[in-house]
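Just below is one structure, and these are the notes that go with it.
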Amino acid sequence: MARGLSLRKYNAIMPLLSSAVRSYCLLHTHKSISIKGKIGVPINFDKEVKCLDDAVSLFHRMVRMKPIPSLPVFCKLFKTMLSMKHYSAVVSLFQEMRKLDIPINDFVLNILINSYCLMHRSDCAFSLLPFYLKSGIPFNVVTFATLIRGLFAEHNLNDAVELFKKVVRENICEPNEVMFGTVMNGLSKRGHTQKALSLLRLMEQGNTKPDVCDYSIVIDALCKDGNLDAAINLMNEMKQKGIPPNIVTYGSLIDGLRKLGQWENVRTLFSEMVNLNIYPNVYTFNMVIDGLCKEGKVEDAEEVMEHMIKKGVEPNIITYNVIMDGYCLRGQVDRARRIFDILMNKGIEPSIISYNILINGYCKKKKIADAMQLLSEISQRGSKPNTVTYNTILQGLFEVGRIGDAKQIYADMLSVGPKPNISTHSIVLDGYFRYGLVEEAMSLFNKLERKRENTNIAFYTVVINGLCKNGKLDEAHSVFEKLSLIGLPPNVRTYNTMITGFCLQGLLDEAKSMLRKMEKNSCLPDNVTYNVFVQGFLRWSKFSEMRNFMKEMADRGFSFDSSTARFLVDVVRENPSVLDMIPDLRSENKY
DNA sequence: CTAGGGTTAG
């Protein structure tokens with residue numbers, strides 16, 4: 001693979017590099033080759049470059065100017081192009097510069113390296129290193145930080161960390177705050193928060209002291225892990241060290257807190273920020289608005305949006321997406337649609353997520369025709385449906401029983417894209433099972449396993465559930481038994497599914513042994529687990545066992561959910577003496 | 001006047 005190759009190439013030139021770098025710092029050859037020409041007319045990039053064509057034609061105008069604009073101007077153009085994600089175009093324009101014998105400097109080359117990294121072609125990026133040497137252009141900490149980031153982007157943690165260590169060990173360049181931050185961010189985004197934290201501690205001991213970004217990276221990682229105590233402690237530490245948290249640091253903490261529903265603490269942090277003259281920006285407002293929407297308070301959310309406008313913070317497409325999703329969550333897809341129309345009228349470009357939110361809203365209300373209509377409008381308006389769009393539509397079609405249409409969509413995805421992912425397959429399998437198409441489901445399942453498609457535990461849980469619901473408990477159980485062998489430990493939902501299967505067949509002992517198994521594997525039963533058992537006991541008239549079970553359930557703070565309550569009402573209606581057999585039920589005055 | 005790092009949504 002290219003990744004292995006990249007590091008080999010890098011290793012091969014490394015002995016050259018270290019000495020070259022040193023000689024380079026002495027020579028400063030790059031200064032002699034950069035051009036001093038000035039641009040005649042100043043270019044306003046943001047105004048002039050709106051799309052790829054603008055960028056390319058500006059480039060061609062620039063290379064014809066006399067004198068030719070300075071390299072910083074080319075850098076600026078490339079940077080604008082990168083922000084529009086035209087990575088490969090930057091590569092081609094660079095090649096044109098070479099053909100035209102326009103001198104290159106370290107800045108341009110680092111941008112080129114970044115372009116390759118953003119294209120997930122770190123192999124190409126590495127292959128540029130010899131070019132630096134040949135042209136006598138120095139690489140620096142930016143070059144290597146960019147490469148490290150590129151390796152992380154390709155999930156190549158080992159090479160990324162190795163490269164970092166090598167840079168440090170062989171003193172190729174002095175790692176700075178950004179390079180440390182790049183490594184810590186790469187580590188924490190791949191689930192290694194503790195390693196990132198250790199690196200931060202290492203920095204605190206070393207010469208390059210962590211800055212506000214470095215702290216923010218680790219604080220964000222801790223927040224994402226739900227470890228808010230540690231995150232807040234770290235924030236207090238940085239304050240004590242005289243590094244004040246900034247808007248981003250507060251953003252991470254507010255996001256972590258609101259995801260845990262700790263609104264009191266969100267408010268505290270908010271006022272703390274404002275007291276420190278750090279005024280909330282569009283990120284901060286969006287997080288708060290999203291939190292309110294998720295709690296069903298969409299009107300409050302809209303008020304916050306008006307407030308931010310008054311404060312001079314313009315809502316962006318995310319703000320509108322969040323509010324639309326809020327209405328959809330409450331089943332008010334028509335209100336969501338009104339928001340959509342408003343933003344269209346304002347000339348704000350909807351994102352694919354805007355469409356997905358609305359399509360999801362329509363599907364949840366079983367308004368498939370509206371969903372399909374919107375789907376067809378996406379391409380007309382110059383956007384492109386993605387896998388999530390189609391997954392949403394698929395789910396909607398299965399929900400209303402349009403299996404033929406769903407199959408057609410799935411087939412289209414397989415042939416022309418967007419490429420189905422594990423969720424797509426799970427949705428289709430679940431749909432097949434729900435409509436009793438067990439053979440089709442199993443043949444798809446076997447095909448996906450044979451193709452060694454990426455799977456996850458949710459996918460297998462769908463299969464286990466499908467088999468259970470179609471009376472194939474033994475097959476379900478053997479799929480379940482296979483999970484640990486393929487390195488996918490069952491989660492609480494998987495256990496609940498299997499327990500439900502046993503309970504439906506009256507195999508309560510097997511269900512109970514499953515409960516012990518999950519506890520042994522330190523997978524804590526949740527409210528669903530207990531409710532499944534209660535329904536099992538009720539179904540098979542095991543009332544005395546149920547009494548004992550309900551005690552344990554209450555002790556652990558769990559209670560009947562609405563499905564159990566409905567079930568109970570039916571049972572009691574059939575057989576009122578159940579209430580005498582389980583006196584505890586009378587005190588369950590909830591129902 | 002130019003290059004690399006951190007916060008939000010389905």
Side-chain angles (χ1 to χ4, degrees), chain A residues 34 38-39 42-43 45 69-80 82 90 105-115 117-118 125 139-150 152 173 175-186 188-189 196 210-221 223-224 245-256 258-259 280-291 293-294 315-326 328-329 336 351-361 363-364 386-389 391-392 423:
Chain A
S34 70
K38 274 208 172 112
I39 187 161
I43 302 170
F45 286 89
S70 67
L71 284 177
V73 181
F74 283 96
C75 288
K76 203 148 189 218
L77 174 64
F78 289 163
K79 196 186 170 183
T80 310
L82 288 189
V90 171
N105 69 3
D106 47 350
F107 282 73
V108 176
L109 270 183
N110 282 342
I111 291 175
L112 192 64
I113 291 241
N114 195 26
S115 308
C117 287
L118 290 167
F139 32 54
N140 54 25
V141 63
V142 177
T143 319
F144 287 101
T146 309
L147 287 168
I148 290 172
R149 190 169 136 84
F152 274 121
C173 59
N176 62 7
E177 298 83 349
V178 179
M179 187 179 259
F180 274 104
T182 306
V183 176
M184 289 190 292
N185 193 38
S188 61
K189 288 280 156 29
D211 64 10
V212 57
C213 284
D214 297 313
Y215 279 104
S216 300
I217 287 164
V218 179
I219 287 174
D220 183 60
C223 288
K224 294 251 170 8
N246 65 14
I247 183 81
V248 178
T249 327
Y250 278 105
S252 291
L253 286 161
I254 288 173
D255 185 51
R258 66 152 179 149
K259 281 190 175 136
N281 62 11
V282 64
Y283 279 79
T284 333
F285 278 117
N286 284 352
M287 287 187 280
V288 173
I289 289 174
D290 182 52
C293 287
K294 291 282 183 312
N316 58 16
I317 186 61
I318 295 176
T319 320
Y320 291 103
N321 285 350
V322 163
I323 289 182
M324 286 198 293
D325 195 46
C328 289
L329 279 172
S351 65
I352 184 60
I353 294 176
S354 320
Y355 291 107
N356 291 351
I357 288 169
L358 263 187
I359 288 177
N360 186 44
C363 287
K364 287 275 141 58
N386 61 15
T387 304
V388 178
T389 321
N391 287 356
T392 312
S423 305

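Every value quoted in this text rests on a predicted model; they were computed, and no experiment measured them. Lettering of chains follows the sequences in order, A, B, ..., and the numbering in each one begins at 1.
Base contact: A/T249 has a heavy atom under 4.0 Å from a base atom. A/N386 comes within contact range of at least one nucleobase, with a heavy-atom separation under 4.0 Å. Within 4.0 Å of A/V322, counting heavy atoms only, lie sugar-phosphate atoms of the nucleic acid but no base atom. In this structure, A/I111 reaches the sugar-phosphate backbone alone: every heavy-atom distance under 4.0 Å involves primed, P, OP1 or OP2 atoms, never a base. In this structure, A/I357 reaches the sugar-phosphate backbone alone: every heavy-atom distance under 4.0 Å involves primed, P, OP1 or OP2 atoms, never a base. If you check every strand for non-hydrogen atoms under 4.0 Å, A/N321 touches a base. Looking at heavy-atom distances under 4.0 Å, A/M324 makes no contact with the nucleic acid at all. Nucleic acid contact for A/V141: base, since at least one base atom lies under 4.0 Å from a heavy atom of the residue.
Using a 4.0 Å cut-off, some side-chain N or O of A/K189 falls inside it from OP1 or OP2 of B/dT7. The phosphate of B/dG6 (OP1 or OP2) has a side-chain N or O of A/R149 nearer than 4.0 angstrom. Applying the 4.0 Å criterion to OP1 and OP2 of B/dA9, one finds that A/K259 has a side-chain N or O inside that range. The side chain of A/K79 places no N or O atom within less than 4.0 Å of a non-bridging phosphate oxygen (OP1 or OP2) of B/dC1.
When each of B/dG4, B/dT7, B/dG5 is scored by its nearest atom to the side-chain atoms of A/T182, the top-ranked nucleotide is B/dG5. In the set B/dT7, B/dA9, B/dA3, B/dA3 carries the atom at the smallest distance from any side-chain atom of A/N140. Checked against B/dT2, B/dG4, B/dT8, the side chain of A/R258 finds its nearest nucleotide in B/dT8. Of the candidates B/dT7, B/dT8, B/dT2, B/dT8 carries the atom nearest the A/N286 side chain, counting heavy atoms from C-beta on. Nearest nucleotide to the A/N110 side chain, out of B/dG6, B/dA3, B/dA9: B/dA3. For A/N185, whose side chain is taken as the heavy atoms from C-beta onward, the closest listed nucleotide among B/dG6, B/dA9, B/dT8 is B/dG6.
Side-chain contact annotation: A/N286 with A/N316, donor-acceptor N/O pair under 3.5 Å present. No side-chain donor from either of A/D255 and A/S252 sits under 3.5 Å from a side-chain acceptor of the other.
Atom P of nucleotide B/dG5 and atom CD1 of A/I247 are separated by 20 Å, given to the nearest angstrom. Going from atom CG of A/D255 over to atom P of B/dT8 covers 5 Å, rounded to whole Å. If you take CE of A/M287 and C1' of B/dT8, they are 6 Å apart, rounded to a whole angstrom. If you take CE of A/M179 and C1' of B/dG5, they are 11 Å apart, rounded to a whole angstrom. Whole-Å rounding puts the A/N316 CG to B/dT7 C1' distance at 13 Å. Here B/dA9 presents its C1' atom at 13 Å from CG of A/N360, a figure rounded to the nearest Å. With rounding to whole Å, A/Y250 atom OH is found 19 Å from B/dT8 atom C1'. Put simply, CG on A/L147 is 15 Å from C1' on B/dG5, counting in whole angstrom units.
Side-chain atoms of A/D325 never come within 3.5 Å of backbone atoms of A/V322 as a donor-acceptor pair (strictly under, hydrogens ignored). Not one N or O on the side chain of A/D106 forms a donor-acceptor pair closer than 3.5 Å with the backbone of A/F139.
The number of heavy-atom neighbours closer than 6.0 Å to NZ of A/K294, taken from other residues, nucleotides and ligands shown, is above 12.
A donor-acceptor contact under 3.5 Å is formed by the side chain of A/S216 with the base of B/dG6. With hydrogens and angles ignored, a donor-acceptor pair under 3.5 angstrom links the side chain of A/N246 to the base of B/dG6. Looking at A/D211, its side chain comes within 3.5 Å of the base of B/dG5 through a donor and an acceptor atom.
Partners of A/V248 according to the side-chain contact (heavy atoms from CB on, under 4.5 Å) rule, which considers only residues two or more places apart in sequence or in another chain, are A/N246.
For the pair A/S188 and A/I217, the minimum side-chain heavy-atom distance is below 4.5 Å.
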